[in-house]
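In what follows, a structure is listed as structure tokens, so that the remarks can point back to it.
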Amino acid sequence: MPSQKIETGHQDIVHDVAMDYYGKRVATASSDTTIKIIGVSNSSGSQHLASLSGHKGPVWQVAWAHPKFGSILASCSYDGQVILWKEGNQNDWAQAHVFNDHKSSVNSIAWAPHELGLCLACGSSDGNISVFTARPDGGWDTTRIEQAHPVGVTSVSWAPSMAPGALVGSGLLDPVQKLASGGCDNTVKVWKLYNGTWKMDCFPALQMHSDWVRDVAWAPNLGLPKSTIASASQDGTVVIWTVAKEGEQWQGKVLKDFKTPVWRVSWSLTGNLLAVADGNNNVTLWNEAVDGFKLDYITFTVPHHWYDGP
């Protein structure tokens, strides 16, 4: 499939791109403080659908909610705000809710697996992680992980809702609520919700990076016992963290030293393919083999240095 160039119409750096559930629309976040919604198709190219204004600083990330909750987009910004945008009539977007719980830049947002309800995790430079969960009455409940990474949270990622080992175990298991986070303290941490309170679920924190962790991504596990997290760092490395079964120690293995900051990591839906975006403008795909991850192929080189994140 040939690559498709999309003219976003942004006036400044684009920090994030997110495709909706059906692969029909793309949302983009930019330092120009706006979010653009663009329709994409193989036949007719791209079409500008909407421009969302409301943030007062660079927008770092955008995230689509699962369509079972309607057409909802979340965005986070340097201005400390998280905004939920809801589409009424087609391409007619309005602010549905604004969260002002953080005292500084909100660097990362992630929707929980839809089985857990409409639930958004947010990581901030103030060191805290907040989790907002929609109530049936339209309000929101908030839980917090205070000082998750005291010098700043850079990234958050949800664990799959299917409990590890659910496919090979006996009986039905309740959905799990777990998060991975990365921070400016060079660590990755795992958190689990116990009776309404978030507690650290890895001891000690996962430490193999020598500089800021820029991104974390929890792999889909399809109910198998193993859990896997990828972390990308300013130090140039990507680490694959695995735990064979619940309660054991996480083990880390360096995927590669890219010799340049690594900005983002993203798993395929089946969890056996990892995409890595690095500071040399390369995106590489890594395939899981019996003896570890192997370079599958280089997908493309981005012509411009596009990332200048928090």
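All values reported here derive from a predicted model rather than from experimental measurement.
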task: Check the pair Asp126, Lys103 against salt bridge (charged side-chain N to carboxylate O under 4.0 Å, His left out), reporting the backbone distance first and the verdict last.
output: CA-CA 6 Å; Asp126 63 14; Lys103 298 176 176 60; 5.7 Å; no
- request: Decide yes or no for Trp241 and Gln251: does some side-chain heavy atom of the first lie under 4.5 Å from some side-chain heavy atom of the second?
  value: no
message: Keeping Ser125 on the side-chain end and Ser104 on the backbone end, is there a donor-acceptor pair under 3.5 Å?
response: no
pair Trp60-Asp16: side-chain heavy atoms closer than 4.5 Å: no
message: Are Trp140 and Phe99, when compared by the centres of their aromatic rings, separated by less than 6.0 Å?
response: yes
- request: For Val59 and Ala29, work out which heavy atoms get closest and say how close.
  value: O-CB, 3.4 Å
statement: Rounded to the nearest 0.5 Å, the CD atom of Gln61 sits from the CG atom of Asn107 at a distance of 8.5 Å
query: Has the side chain of Trp64 got a donor or acceptor atom that lies under 3.5 Å from a matching backbone atom of Ala18?
result: yes
Nearest atoms (heavy-atom pairs only) where Ala275 meets Leu285: CB-CD2, 3.5 Å
Nearest-0.5 Å distance that lies between atom SG in Cys122 and atom CD1 in Ile129: 9.5 Å
message: Is a donor from one side chain sitting under 3.5 angstrom from an acceptor on the other, for Thr284 and Asn282?
response: no
query: Stepwise, does the side-chain contact (heavy atoms from CB on, under 4.5 Å) test hold for Gln4 with Ser46?
result: CA-CA 8 Å; Gln4 183 178 334; Ser46 59; 4.1 Å; yes
- request: Take Thr143 and Trp198 through the side chain to side chain donor-acceptor pair (under 3.5 Å) test and state the conclusion after the steps.
  value: CA-CA 8 Å; Thr143 55; Trp198 289 95; 2.9 Å; yes
field: Working for side chain to side chain donor-acceptor pair (under 3.5 Å), residues Trp212 and Ser233
entry: CA-CA 6 Å; Trp212 288 17; Ser233 172; over 6 Å; no
task: Mark yes or no for whether Trp286, through its side chain, and Leu255, through its backbone, hold a donor-acceptor pair below 3.5 Å.
output: no
statement: d(Ile240 CD1, Met208 CE) to nearest 0.5 Å is 10.5 Å
Contact summary for Thr154 and Gly183, nearest pair of heavy atoms: OG1-N, 3.6 Å
query: Any sub-3.5 Å donor-acceptor pair from Lys178's side-chain atoms to Trp158's backbone N or O?
result: no
Heavy-atom side-chain proximity of Val17 to Ile6 below 4.5 angstrom: no
statement: Rounded to the nearest 0.5 angstrom, the CD-CD1 distance for Glu7 and Ile38 is 9.0 Å
- prompt: Heavy-atom distance under 4.5 Å between the side chains of Trp111 and Leu118, does that happen here?
  reply: yes
message: Within the 4.5 Å heavy-atom criterion, are Thr133 and Leu116 side-chain neighbours or not?
response: no
query: Does CG belonging to Asn89 count more than 12 external heavy atoms closer than 6.0 Å?
result: no
query: Between His149 and Asp185, is any side-chain donor less than 3.5 angstrom from a side-chain acceptor?
result: yes
query: Hey, does the Lys NZ or Arg CZ of Lys256 hover above the aromatic six-ring of Phe258, less than 6.0 Å from the centre and inside 45° of the axis?
result: yes
message: Do His102 and Ser130 have side chains that approach each other closer than 4.5 Å (heavy atoms only, starting at C-beta)?
response: yes
message: Are the side chains of Ile109 and Val156 in contact, using a 4.5 Å heavy-atom criterion?
response: no
task: May I ask you to check whether Ser30 and His15 show a side-chain donor-acceptor distance below 3.5 Å?
output: no
Trace of the side-chain contact (heavy atoms from CB on, under 4.5 Å) decision for Trp191 with Lys199: CA-CA 5 Å; Trp191 310 90; Lys199 295 185 178 177; 6.0 Å; no
field: CD-NZ distance between Gln81 and Lys56, expressed to the nearest 0.5 angstrom
entry: 4.5 Å
task: Search all heavy atoms of Trp267 against all heavy atoms of Ala230 and return the closest pair with its distance.
output: CZ2-CB, 3.7 Å
- prompt: His66 and Tyr21: aromatic ring centres closer than 6.0 Å?
  reply: yes
message: Can you tell me which residue among Thr33, Asp32, Asp79 is in a side chain to side chain donor-acceptor pair (under 3.5 Å) with His55?
response: Asp79
task: Carefully, step by step, assess Thr28 and Lys36 under the rule side chain to side chain donor-acceptor pair (under 3.5 Å).
output: CA-CA 5 Å; Thr28 58; Lys36 307 287 187 186; over 6 Å; no
query: Is it the case that Arg25 and Ser71 place a side-chain donor and acceptor less than 3.5 Å from each other?
result: yes
message: Please evaluate residues Thr187 and His209 with respect to the criterion side chain to side chain donor-acceptor pair (under 3.5 Å), reporting the C-alpha separation (whole Å), side-chain torsions for both, the decisive distance (0.1 Å), and the verdict.
response: CA-CA 7 Å; Thr187 72; His209 292 296; over 6 Å; no
query: Would one find more than 12 heavy atoms of other residues, nucleotides or ligands at under 6.0 Å from atom NZ of Lys5?
result: no
query: Is a side-chain N or O of Ser161 found less than 3.5 angstrom from the main chain of Pro113, in a donor-acceptor match?
result: no
- prompt: When you check the side-chain N and O atoms of Gln147 and Asn128, is any donor under 3.5 Å from an acceptor?
  reply: yes
- prompt: Within a strict 4.5 Å, meaning less than it, do heavy atoms of the Asp101 and Phe132 side chains meet?
  reply: yes
field: Polar side-chain atom of Gln11 near backbone of Gly9 as donor-acceptor pair, under 3.5 Å
entry: yes
Donor-acceptor contact below 3.5 Å, side chain Glu246 vs main chain Lys226: no
field: Close aromatic pair by centroid cut-off 6.0 Å: Trp218 and Trp250
entry: yes
message: Could you measure the distance from the OG1 atom of Thr197 to the CZ atom of Arg144? Nearest 0.5 Å is fine.
response: 13.0 Å
- line: Residues Ala180 and Val216: closest non-hydrogen pair is O-CG2, 3.8 Å
task: Determine the sole option in Ile72, Leu49, Ile35, Leu73 for which the side-chain contact (heavy atoms from CB on, under 4.5 Å) test with Trp93 is passed.
output: Leu73
task: Would you kindly confirm whether Leu193 and Val176 end up in one hydrophobic cluster when ILVMFWY residues are joined by side chain heavy atoms under 4.5 Å apart?
output: no
